[in-house]
Amino acid sequence: MDCNELLSAYEKLGNTSLYLEDSDGDCCVSTGVKCNNQSRITSLVLNKKRLSGFLPPELSRMPELVNISFQFNSLTGRIPDEWSQMPKIEMIQLYANQLVGGIPPSFSQLKTIKMLQVARNRLTEPLSPLLGQIQSLEWFSCADNMITGTLPPELGNLSNLQELLTGSLPTELGDCTALENIYINDNQINGTIPPSLGKLKHLKLDLPR
């Protein structure tokens, strides 16, 4: 079981009252937790729980974890590099917190992630070109931050990307043949809309008003 890691995670998140055990010492009854048949944690969803701590690196020691969602809280600090070691993670949702820094370049090591949601935080660091190596990524949002610079052209390598919420766009995004939706708003990323997007047959482009 992952109970030691879970308790430590709740401590760092700022609310140990969410941690619970049944009479057998199984922590799968804790708030926001889902487990598999082997009592290993697969999902941790703590949206709108008034969390005011920081993101726990310990989650990387939960080998079956698939989903992390800490949306609409007041979490601070940086996104842990250690999370790049999660072998089965598919969704990381951190919308509407107060996170700083940037998306760790080490996230390029994630092989299974499909959704990365970091919008509406206080991120400032430019996006790493290494993010273009996350071939499994289908949905990516970093809108409503203070990210500077330009989007790396390497994002054009994300052949499975279907939805992008971010700043301005590199020409190479025209190679993302699965791309269906782009939302451009509220960063300090600069540039123009590339003509190459015109070859994406299913693309819907939502511009800021």
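In this chain, residues are counted from 1 in sequence order.
- Residues Leu55 and Val66 fall into different hydrophobic clusters, defined by Ile, Leu, Val, Met, Phe, Trp and Tyr side chains chained together at heavy-atom separations under 4.5 Å.
- Cluster annotation: Met62 is connected to Leu94 through the hydrophobic network of ILVMFWY side chains, with a link wherever side-chain heavy atoms come within less than 4.5 Å.
- In this structure, the side chains of Leu161 and Leu155 stay at 4.5 Å or more apart for every pair of heavy atoms.
- Considering CZ of Arg122 and CD of Gln98, their distance stands at 4.0 Å, rounded to 0.5 Å.
- Expressed to the nearest 0.5 Å, how far SG of Cys142 lies from CG of Leu127 amounts to 5.0 Å.
- Taking SG of Cys3 as the start and CG of Asp26 as the end, the distance is 6.0 Å to the nearest 0.5 Å.
- Scanning all heavy atoms of the two residues, the minimum distance from Ser60 to Pro57 falls at OG-O, 2.9 Å.
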### Query
What do the steps show when you test Ile79 against Ile92 for side chain to side chain contact (heavy atoms under 4.5 Å, CB included), and what is the final call?
CA-CA 11 Å; Ile79 301 171; Ile92 296 177; over 6 Å; no
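- Counting only distance, with no hydrogens or angles, the side chain of Ser108 and the backbone of Leu131 share no donor-acceptor pair below 3.5 Å.
- The structure places CG of Leu59 at 7.0 Å from CG of Leu13, a figure rounded to the nearest 0.5 Å.
- With contacts defined as side-chain heavy-atom distances shorter than 4.5 Å, the pair Lys49/Asn73 qualifies.
- Using a 3.5 Å distance cut-off with no hydrogens or angles, the side chains of Asp81 and Ser106 do pair a donor with an acceptor.
- The nearest pair of heavy atoms linking Pro104 to Pro80 is CG-O, 4.0 Å.
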### Message
Between Trp83 and Ile68, does the side chain to side chain contact (heavy atoms under 4.5 Å, CB included) criterion hold? Intermediate values first, please.
### Response
CA-CA 10 Å; Trp83 284 13; Ile68 295 171; 4.1 Å; yes
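- For the salt bridge (charged side-chain N to carboxylate O under 4.0 Å, His left out) with Glu64, the qualifying choice from Arg40, Lys34, Lys88 is Lys88, the only one to do so.
- Both Ile41 and Tyr19 sit in one connected hydrophobic cluster of ILVMFWY residues. Membership requires side-chain heavy atoms under 4.5 Å apart, directly or through other members.
- Between the side chain of Asn145 and the backbone N or O of Asn121 there is at least one donor-acceptor pair closer than 3.5 Å.
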### Message
Run Ser69 and Asn47 through side chain to side chain donor-acceptor pair (under 3.5 Å) and show every step you take.
### Response
CA-CA 6 Å; Ser69 186; Asn47 301 328; 2.8 Å; yes
### Query
Does the pair Asn67 and Val45 meet the rule for a side chain to side chain contact (heavy atoms under 4.5 Å, CB included), with working shown?
CA-CA 8 Å; Asn67 179 35; Val45 177; 3.4 Å; yes
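- Gln135 is listed as a side-chain neighbour of Ser159, based on a closest heavy-atom distance under 4.5 Å.
- When all heavy atoms of Tyr10 and Val33 are compared, the pair lying nearest together is OH-CG2, 3.5 Å.
- Closest approach of Leu18 and Leu46 over heavy atoms only: CD1-CD2, 4.0 Å.
- Note that CG of Leu7 is 9.5 Å distant from NZ of Lys12, once rounded to the nearest 0.5 Å.
- No side-chain heavy atom of Glu58 sits under 4.5 Å from any side-chain heavy atom of Glu11.
- Transitive grouping of hydrophobic side chains (ILVMFWY, heavy atoms separated by less than 4.5 Å) brings Leu44 and Phe107 into a common cluster.
- Across Asn97 and Phe72, no two heavy atoms sit closer than the pair ND2-N, 4.3 Å.
- Side chain of Ser8 to main chain of Glu5: no donor-acceptor pair is present (N/O by atom type, distance under 3.5 Å, no hydrogens or angles).
- In this structure, the side chains of Leu99 and Val118 stay at 4.5 Å or more apart for every pair of heavy atoms.
- Interatomic distance, CG of Leu137 versus CG of Asn157, reported as 12.5 Å (0.5 Å rounding).
- Formation of a donor-acceptor pair under 3.5 Å by the Thr76 side chain with backbone atoms of Phe54 is not found in this model.
- What you find for Pro63 and Asp2 is that their closest heavy atoms are CD-OD1, 4.0 Å.
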